[in-house]
Each structure stands twice: as C-alpha cells, then as structure tokens.
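Beneath this line is the structure, given in structure tokens, with notes to follow.
The analysis underlying the following values was restricted to heavy atoms, covering all of them including side chains, and did not include hydrogens, waters or symmetry mates. Along the sequence shown, residues carry numbers from 1.
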Amino acid sequence: PEIAENLYCAIVSDTGSFQFSNTTPRALAAATELARLGASPVRVAEKLYYTNRPEKIQLLGRVLSTLTMNGKGNIAIISMFRRDTESLRLKEIDTEDMTTLARSIKGVEMVMFFKEMEPETFRVSLRSKGSANAARVAEHFGGGGHIHASGFTVYGPYERLVREVPATVEALLETPSSAPSE
C-alpha cells in the first residue's frame with residue numbers, strides 16, 4: 001500500500017489532478033489499480049493540496065497581485081521577486097503550482113511566470129493549454145520543455161523584459177507553426 005500510494009501521488013501530481021493533457025486512459029487505469037492496491041486518494045489529496053504553510057499562501061497573494069494580461073486576453077503574466085521568497089523564507093520549489101490560478105482564467109492560452117533568480121536574471125516558466133505550444137516559445141528564447149510546460153531564462157531590467165518578452169510570445173502564438181514539439 002505504501003508503494004502504491006507513492007506511485008498514485010506521482011500520477012496525480014504529474015497529471016495536475018487528472019486535468020492536464022497527459023491524463024490518458026492508461027494513467028487513469030494505473031491510478032485505479034493503485035487505489036485498489038491500497039493507495040488512498042483522499043490521503044494523497046490532503047498531503048498534496050492541504051498542507052501549505054501560511055508563508056506559501058502569502059507568497060501566492062504577492063505573485064497574483066502582479067497579474068497582468070495582454071490586450072487579447074490570451075496571455076497572463078505573473079512575477080515573483082527574490083525579496084518576497086527571501087522575506088518569507090521560501091524556496092523556488094514552493095512556487096511550482098502558482099501558475100494554476102492564472103492558467104484557469106477564461107481565454108488564457110499561456111501563462112508566463114517571471115521568477116527573479118539574480119538581479120536582472122529571470123527564469124520564465126511557461127504553462128499553456130489547448131494548441132498553444134509552450135515548447136516552441138521556450139525554444140525561441142533558447143530554452144526547452146514540452147508543449148504545455150516549458151521554460152527559458154532572460155536577462156535585463158524587469159520593466160523591459162515584462163514588456164518585450166510577452167509581446168514576442170504573442171507574435172509567436174499568432175504565427176502558424178509546423179509540428180508541435182513534445
């Protein structure tokens with residue numbers, strides 16, 4: 001049961017609680033079999049989603065307060081700064097699921113999450129849905145990943161990057177591409 005629960009947890013995490021494009025009949029069948037073998041979906045959900053420290057929720061509020069949208073409403077941009085993670089004593093791992101709420105906005109095809117790593121150095125995490133190809137965008141900026149989760153690093157003043165990078169992404173999303181990267 002312990003091994004089954006750990007494997008079940010991995011599938012739930014990787015599929016975004018069975019919401020992402022990698023939720024396949026095979027993934028669902030594996031989760032069903034793991035539950036039959038003793039994994040507790042309720043216990044896994046509790047551990048994954050209901051054990052946040054107050055500081056993480058405070059950081060989420062700070063990140064969401066930076067939310068901006070492009071004019072078409074299909075790109076959401078959120079940002080996180082080192083001063084916030086440092087003052088709350090959090091690490092980057094504590095930010096892994098912060099794109100979820102921005103991704104849930106009606107009409108949003110792509111979320112860009114600017115994370116300050118060093119002064120004038122930002123890791124940009126991309127999360128997309130539908131036909132928006134995050135890998136193609138990341139590759140344009142020298143990064144990589146897969147169609148719905150990718151990333152890259154950019155350098156320069158935040159005020160310039162947060163203007164210019166989303167404009168480039170918007171143009172890339174409007175340009176037809178060849179076969180999607182996965």
Side-chain angles (χ1 to χ4, degrees), residues 13-17 19-23 48-49 52 55-88 90-182:
S13 296
D14 196 49
T15 62
S17 294
Q19 297 177 66
F20 297 162
S21 61
N22 61 349
T23 302
L48 284 176
Y49 305 115
N52 291 311
E55 294 84 1
K56 180 175 178 179
I57 303 306
Q58 289 174 320
L59 180 63
L60 177 62
R62 292 179 191 184
V63 168
L64 290 177
S65 75
T66 70
L67 174 69
T68 59
M69 305 286 295
N70 68 332
K72 291 176 72 177
N74 65 331
I75 300 173
I77 302 105
I78 54 177
S79 303
M80 180 183 69
F81 302 95
R82 287 181 55 200
R83 67 179 176 264
D84 294 320
T85 53
E86 289 171 359
S87 71
L88 294 169
L90 295 171
K91 301 198 179 327
E92 187 177 353
I93 191 72
D94 294 310
T95 69
E96 286 301 310
D97 56 352
M98 293 208 172
T99 57
T100 303
L101 284 173
R103 191 174 179 264
S104 74
I105 298 169
K106 184 177 182 179
V108 166
E109 298 173 8
M110 184 163 302
V111 175
M112 303 180 66
F113 186 9
F114 284 77
K115 301 176 197 176
E116 183 183 36
M117 306 310 284
E118 298 290 332
E120 297 198 355
T121 302
F122 290 84
R123 177 87 181 136
V124 181
S125 295
L126 303 173
R127 298 297 180 267
S128 66
K129 59 187 178 187
S131 62
N133 190 334
R136 179 171 173 249
V137 170
E139 288 165 7
H140 175 84
F141 290 98
H146 61 82
I147 190 167
H148 291 130
S150 297
F152 57 92
T153 302
V154 289
Y155 305 92
Y158 171 76
E159 294 76 17
R160 177 176 58 82
L161 295 173
V162 81
R163 255 189 348 266
E164 293 176 1
V165 175
T168 301
V169 170
E170 186 170 351
L172 287 168
L173 290 178
E174 291 174 358
T175 306
S177 65
S178 53
S181 299
E182 274 202 74

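Taking a cutoff of 4.0 Å between a charged side-chain nitrogen and a carboxylate oxygen, Glu174 and Lys72 qualify as a salt bridge. Salt bridge Asp97/Lys56: present, at least one basic N to carboxylate O contact under 4.0 Å.
What you find for Ile77 and Pro166 is that their closest heavy atoms are CG1-CG, 3.9 Å. A pairwise comparison of heavy atoms in Ala138 and Gly144 identifies CB-N, 3.7 Å as the closest pair. Of all non-hydrogen atoms in Phe114 and Leu161, the two that sit nearest each other are CZ-O, 3.9 Å. Pairing each heavy atom of Ala132 with each of Met110, the nearest pair is CB-CE, 4.2 Å. Here the shortest heavy-atom pairing between Ala76 and Leu67 reads CB-CD1, 3.9 Å. Listed here is the closest heavy atom pair of Asn133 and Leu173: N-CD2, 4.4 Å.
Between Ile75 atom CD1 and Glu170 atom CD the span is 5.0 Å, to the nearest 0.5 Å. Taking CZ of Phe20 as the start and OG1 of Thr15 as the end, the distance is 7.5 Å to the nearest 0.5 Å. Distance CG/Asn70 to CD/Glu109: 9.0 Å, rounded to 0.5 Å. One finds the CG atom of Leu172 at 5.0 Å from the NE2 atom of His140 (value rounded to the nearest 0.5 Å). With rounding to the nearest 0.5 Å, the separation of CZ in Arg103 from CD in Gln19 is 8.0 Å. To the nearest 0.5 Å, atom CZ of residue Arg123 and atom CE of residue Met80 are 12.0 Å apart.
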**OP:** Check step by step if side-chain hydrogen bond (donor to acceptor under 3.5 Å, both in side chains) holds for Thr121 and Arg82.
**Re:** CA-CA 11 Å; Thr121 302; Arg82 287 181 55 200; over 6 Å; no
**OP:** Output, in order, the C-alpha distance, side-chain angles, deciding distance and verdict of side-chain contact (heavy atoms from CB on, under 4.5 Å) for Met98 and Phe113.
**Re:** CA-CA 8 Å; Met98 293 208 172; Phe113 186 9; 3.9 Å; yes
Subject >> Test side-chain contact (heavy atoms from CB on, under 4.5 Å) applied to Leu126 and Val111, step by step >> reply: CA-CA 6 Å; Leu126 303 173; Val111 175; over 6 Å; no
Subject >> Pair Leu90-Thr95, side-chain contact (heavy atoms from CB on, under 4.5 Å): steps then yes or no >> reply: CA-CA 9 Å; Leu90 295 171; Thr95 69; over 6 Å; no
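Under the 3.5 Å distance criterion, the side-chain polar atoms of Lys129 are matched with a main-chain donor or acceptor of Val108. Although no hydrogens or angles enter the test, the distance criterion places a donor-acceptor pair under 3.5 Å between the side chain of Thr66 and the main chain of Ser79. When atom types are taken as modelled, the side chain of Glu139 and the backbone of Arg136 share no donor-acceptor pair closer than 3.5 angstrom. The main-chain N or O of Ala135 is found under 3.5 Å from a side-chain atom of Ser150 such that the two form a donor-acceptor pair. Side-chain N or O atoms of Arg127 include none that pairs as donor or acceptor with a backbone N or O of His148 at under 3.5 Å.
Taking the six-membered ring for Trp and the full ring otherwise, Phe122 and Tyr155 have centroids separated by 6.0 Å or more.
With Met112 as reference, Val165 is the one residue of Val137, Val165, Val162 to meet the side-chain contact (heavy atoms from CB on, under 4.5 Å) rule. Results of the side-chain contact (heavy atoms from CB on, under 4.5 Å) test with Glu55 over Thr85, Asp94, Leu88, Leu60 single out Leu88 as the only residue that passes.
With a 4.5 Å cut-off on side-chain heavy atoms, Thr153 and Phe141 do not count as touching.
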